[in-house]
Amino acid sequence: MPDILKVADEAELIVNGYAFTRCKEGYRILNLNRPDCAVVLSVEGEMLETTMNDIEIQIVKDYYKKNKKYMEKE
């Protein structure tokens, strides 16, 4: 089980309880309310790995598309 406080502190962005953290594949997204639910998205928004159901994946992808501009490096 991940350390929720550490994940939240290191996250690039938190949207509605989902922590978005940069990784070499793209972004790891963890549901802070249900830490057993996570997904890894490529920079393009493609799902690479997941423990989420299809509905939650689509919700996270929508959050990613709407907020990725805030996570881009300047």
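Starting from 1, each residue takes its place in the sequence as its number.
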Query raised in the report: Say you draw a straight line from CG of D36 to CG of N31; how long is it, rounded to the nearest 0.5 Å?
Result: 8.0 Å
Query raised in the report: Can you name the residues that form a side chain to side chain contact (heavy atoms under 4.5 Å, CB included) with V43, not counting sequence neighbours?
Result: Y64
Report task. State, without any angle test, whether Q58 and D54 hold a side-chain donor-acceptor pair at a distance under 3.5 Å. Result -> no
Report task. Could you walk me through whether K61 and L41 pass side chain to side chain contact (heavy atoms under 4.5 Å, CB included), step by step? Result -> CA-CA 8 Å; K61 282 182 168 184; L41 296 180; 4.3 Å; yes
Query - Pairs where residues 31-62 contributes a residue and the test ring-ring contact (aromatic ring centres under 6.0 Å, His included) is met, not counting sequence neighbours - result: none
Query raised in the report: A8 and L32: which non-hydrogen atoms are nearest, and at how many Å?
Result: CB-CD1, 4.3 Å
Query raised in the report: About how many Å separate OH of Y27 and CD of E12, when rounded to the nearest 0.5 Å?
Result: 6.0 Å
Query - ring-ring contact (aromatic ring centres under 6.0 Å, His included) partners for F20, two or more places apart - result: none
Report summary line: side chain to side chain contact (heavy atoms under 4.5 Å, CB included) filter on T50, not counting sequence neighbours, yields V39, M47, M52, I57
Query raised in the report: Taking atom types as modelled, is there a side-chain donor on Y18 or E56 under 3.5 Å from an acceptor on the other?
Result: yes
**Report entry** Heavy atoms from other residues, nucleotides or ligands near CD of E10 exceed 12 (cutoff 6.0 Å)
**Finding:** yes
Query - For L48, all residues meeting side chain to side chain contact (heavy atoms under 4.5 Å, CB included), sequence neighbours excluded - result: E25, V40, S42
Query raised in the report: With distance as the sole test, does R28 use its side chain to make a donor-acceptor pair with the main-chain N or O of A19 at under 3.5 Å?
Result: no
Report task. Answer yes or no: is there a side-chain heavy-atom contact under 4.5 Å between I4 and L30? Result -> yes
Report summary line: Residues passing the side chain to side chain contact (heavy atoms under 4.5 Å, CB included) test with L5, sequence neighbours excluded, are D3
Query raised in the report: Same cluster or not: are I55 and V15 linked, directly or through other Ile, Leu, Val, Met, Phe, Trp or Tyr residues, by side-chain heavy atoms under 4.5 angstrom apart?
Result: yes
Requested in this report: State the CG-CD1 distance between L13 and I29, to the nearest 0.5 angstrom.
Outcome: 10.0 Å
